[in-house]
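Along the sequence shown, the residues carry numbers beginning at 1. For clarity, every value in this text was computed on a predicted model and none was experimentally measured. Start at 1 and go down the list; that is how both ligands and their atoms are numbered.
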Amino acid sequence: MLSTDVRSTFLTFFRERGHFRVPSSPLVPDDPTLLLANAGMNQFKPYFLGEREPGHRRLMSVQKCVRTTDIENVGRTTRHDTFFEMLGNFAFGDYFKHEIIPWSWELLTGHYGLDRDRLWVTVFRDDDEAEAIWRSLGVPADRIQRLGMADNYWSMGVPGPCGPSSELHYDRGPEFGPEGGPAVDGERYQELWNLVFMQNLRGEGTGKDGYEVLGPLPARNIDTGLGLGRLTAILQGVDTACETDMMLPAFRFVQERAGREYPGRHGGEVSTSMRVVADHARTAAFLIADGVLPSGDGRGYVLRRLLRRAIRHARLLGIEGPLLADLTGRVADGLGGEWPELVSGRSLIAKVVSVEEERFDRTLRQGSRLLESAISKSSGSLPGRTAFELHDTYGFPIDLTLDAARSAGLTVDEDEFGRLLEAQRRQAHEASQGRKGDAVARQDLYRGVLARHGRTEFVGYDGTSAESRVVALLDGSESRTRAHEGMTVEVVLSRSPFYAEAGGQVGDTGRVVTPSGTLEVLDTRLGLDGLHVHTARVVAGEVGTGEEAEAVVDADRRAATARSHSATHVLHAMLKRVLGEHAAQRGSRVEPGRLRFDFAHFGAVTDGELATVRTLVNDYLLDDPDVRVWEADRAAAEAAGAVALFGEKYGDHVRIVDIGDASRELCGGTHVGHGAQAGPVHLLGESSVGSGLRRIEALTGPDALRHYDREGELLRELARLLSVPADQAPDRLRQRLATLAEAERELTALRAADLSSRASVLARSAQPASGVVPHTGPTGAVAADVLAVCAPVDGVPADSLRGLASETLGLIPRPGAVVLGTVADGKALLVAAVSEGLGIQARDLLGDAARVVGGGAGGRGPLANAGGRRTDALPEALAVAARTVRNVLG
Ligand code: SER
C-alpha cells in the first residue's frame, strides 16, 4: 500500500463517519505557548478548552509534526523520527470511547489488514471502561496492559486540556526485542495510534504523578494520533519510515552519495548515520518551508541543531562536499505531492541549507580533529572539559559530542560540562558588569529602589494618566530627596502610565506634576524588569521624593506610536503572505508616526511585491479589524514537547495581540483599539541591512497623510508649470522632454556648423608665422613655410574653444599654429594649437601670454590652454602670444 493510500484510507474512513477535514497547521504554530507543532490537536486547543466553538463537531487532519525531545534516539531506534505526519480524528463534545475504540480496531484490522493477533493495547491504570470495550472486541486480556501517567495520559500546555489515553501497539516480532508487551519493550511493540479521552484541565501544580489535574473540561472530547510513517513502514514490510515510498528518493540519494547500500537495521553506525541524515534533512526542509531560519535560539536553534547533526553524520558516512541542497530536493521529490510548500520553497530551502552546511563544515573540520584525538585518548568517559571546548570554540552542540562518544563506546562527563558552562556564563556576566562600571552602580541603585518600593505598577495599557507618588529621584549613581528647577534626573514612580521602551517601541514622554513642581518626562525605559525609570527635567519649582504626583503621558505621541505598532504587526503578517513564511521579524523600531521593520528574506523585495504588501496592509486596516489583547499562561509544558529542551525563557504570563484574523503576536506594546485607527500606512522603501536581512521603513497615520499632501503639492506644482491638469502631467512632461532632446540635438548640430564656418574664416586669416599679429580678417592666399593664426573670437562657449582651434589648424594648408582668445564666464581664455611636425609644445606658445591675463598655461602636446581673471588684458595677451609665435616659429 502506497503512503498516499494510507492517508486516503484514513480520511475516507472518517469522512464516512461524519468528519470534516481541516488542513495541517504550519509547523510554526499560532499558539504562543508552543515552539513547534507537535500533535494534530495543537490547533484545536481552544475547542477542547471550550474557549471557542468549532464549526463542526467532528474533524480530521493530516498534521505536520516536529518532535526533537528524543533526538539522541533518532537513527538509533527504528521508531523515532524528528518529523512525522500524524493522522488524527477529533470530536468535541460528541462521540467518546464507545465509538472511537471499535472504529480504531475496525480501521487497523479491517481496512489496513493488520494481523489482529499482533495488536496490543494499553489503557490508563484505572480505565476499566476502556478495557471492557477492548475486551468486547475480542482483544484477549493478556494483550491489554495498564500503564500510568507517563505512558497513558496526554496533556498540552498549562493550563491545558488533558486526559487518559489508550494506545494501539503492533508486535514486530522477536527479532525486535524481548517478549512482554509495550510495557516491556517499545521497539518490538511499536506504538501506532494514541486515542486520548480529553476530558480534564491540567493545572500549574504538581500532583503525585507529576502534574495536577484540576477537574473536568466543559465537554468530553476525542483526540487521536496515528503515526503515518510507522503504519506505512509496517504495511510496506520495512523497518523504518526512511525506507517507505515517501522517503525513498531521499534515502536512496544518501546511499548513493555514501557509495554504499543501507545495511539494514543491524548495520550499526552506518545505518544510524544514514537514517539521521535523511530524517533531519526532511525535518529541516519542512521547517524552512514554514519560515524557520537557522539561528542561535528558539526554533532557529532547533533547525540549526538538526542541520549540524545531519552534516556531521554525512561526513561520518564519508560524504564530502555539499549534500543538503540536493538532498532536501529529493525530500521534495518524495513528499512534494502531499506538501506543495516543499516544491514552492525548494530554492529557498536549498539556499538556506547550503549556507549552513558551508559554515558548519569549517568549524567541523577543526572540531572533529580535536574530538577524535580526545576520544582516542579516553577510556570509559570523555572529559567534560573537552565537550565544553568543542561547544565553546567549535559550536558543537553537546548532543553531537554525546553522539560521537556513544559511537566510540564512551560516556561524557556531563556534570563537568554543565559546571564549566555555568562558570562561563557567570564569568561573562561579571565581565560585562565590570566593563559597565558606572552602569553597575546604577543597577545597584535600581535594585535598591526595587527592593524598597517594589515594582512599578504599569497602568498605561488602560489610559494615559494616573495618580501616583514619587518614590525615588536618581542623579547619576546617586539617590536624592529633592531635585531643583533645571536639573535632569531619573524619576521612579509608584505607578506609571508611561510605556517603557521595549519590543522596539519607544518609551513614552509627558509630564509629572507634584504639589511643588513640574517634571517634563523626556524618555521612559526599564531600569530593571518591573522598574520604570523616567528621564525627566524639572521645568518648574522643585520635586521631592514621597510627593503625590499626577503623571500624564503625551497622549498624541502615544497614539501615534500605537498606530505604528499595530501597523507593524499587520505589515509582518502581509509580508509573510506575499513573500512566504520565512519572512519573519528580526527586529523593529516603532516610533510616533514612523516604523522600521527588519525581516528575513533572501534578495530584494521587488517593486511589485512591495506594492502588493502596501495594498494588502491598507485594505486590511481599512476593513477595521478588531484589536484584541489577551493574556495566557505559558508554563513549560513538557508534555507539549518543546519548551524545556530549547532553553527559551518563558514568563508565566504572556500578552497576545490579535489584529483581526490574520495577525496574532506575542507583544507587550500599546496598540490602537481598531485597525482603521492605524492607517494609512505608507511604505517608504526597502533596503538590505545584512545578509538575508531586509528593512522596510514606513509612515503611519497623519504622518503618512502629510507625506501624501507634500507629494500632492509637488505634483500640482509640476502640473502648474506644465499648464495641464495633474493627471496629464506625466504625458505632458514626456512630450516636453522629447521636444527638449530634439532641440538639443538641433542646437548641437547648429553649433558644430557654426564652429566649422568660423574655423574656415579663421583659417583664411592665416599669416606667415614670421609676421603674425592678432588679426581676424582674411589675408588672401599667402605663401610661407609656416602659417599662423592669432585672433580674438566672440561668442564661443568655453568648452568649444579648443575644438575651434584644432579645426582651424586642420584647415590651414601648411604646418602652422593657431592661438585664439576669448572672454567667457568672466575669464580671459586662450587656446593654442600647433602642428605636430613642428616639434614644439603648444604650451610654450602661451606661457608669457598667460601671465598677462594673470594665470598659467596648461595642457600637453599639440593643444594647450590658459586662463586668467584679467579679461581687459586679453588684447595685450594675444599680442604677446603673436610675438612668441614669431619668435619661435618665424
Ligand atoms: N495528542 C495525542 C498525540 O499526539 C493524540 O493525537 O499522541
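Cation-pi check for R282 over F286 is not met; the charged atom does not lie both under 6.0 angstrom from the ring centroid and within 45 degrees of its normal.
Contacts of M156 with ligand 1, taken as heavy-atom pairs under 4.0 Å, are absent altogether. Contact annotation for T224 and ligand 1: only backbone heavy atoms (N, CA, C, O) come within less than 4.0 Å of the ligand.
Against a heavy-atom cut-off of under 4.0 Å, A39 is close to the following atoms of ligand 1: 4 (O). Atoms of ligand 1 lying under 4.0 Å from at least one heavy atom of M86, given by number and element, are 3 (C), 4 (O), 6 (O), 7 (O). Interface atoms of ligand 1 facing M41, defined by a heavy-atom separation under 4.0 Å, are 1 (N). Atoms of ligand 1 lying under 4.0 Å from any heavy atom of G225, numbered from 1 in the order shown and given with element: 5 (C), 6 (O).
For the 3.5 Å distance criterion, the side chains of T122 and N152 qualify, holding a donor opposite an acceptor. With no hydrogens or angles considered, a side-chain donor-acceptor pair links N89 and Y95 at under 3.5 Å. Counting only N and O atoms by type, the side chains of T240 and E243 include a donor and acceptor under 3.5 Å apart. For the 3.5 Å distance criterion, the side chains of W134 and S166 qualify, holding a donor opposite an acceptor. Counted by atom type alone, W120 and E167 present zero donor-acceptor pairs between their side chains at under 3.5 Å.
Of all protein heavy atoms, the one closest to atom 6 (O) of ligand 1 is D223 OD1, 2.7 Å. Among all protein heavy atoms, the one lying closest to atom 7 (O) of ligand 1 is N194 ND2, 3.1 Å.
Closest approach of M1 to H111, counting heavy atoms only: CE-O, 4.1 Å.
Close N/O approach between V196 and ligand 1 is not found [any backbone or side-chain N/O within under 3.5 Å].
Within the set R67, M198, Q63, the minimum heavy-atom distance to atom 4 (O) of ligand 1 is found for R67.
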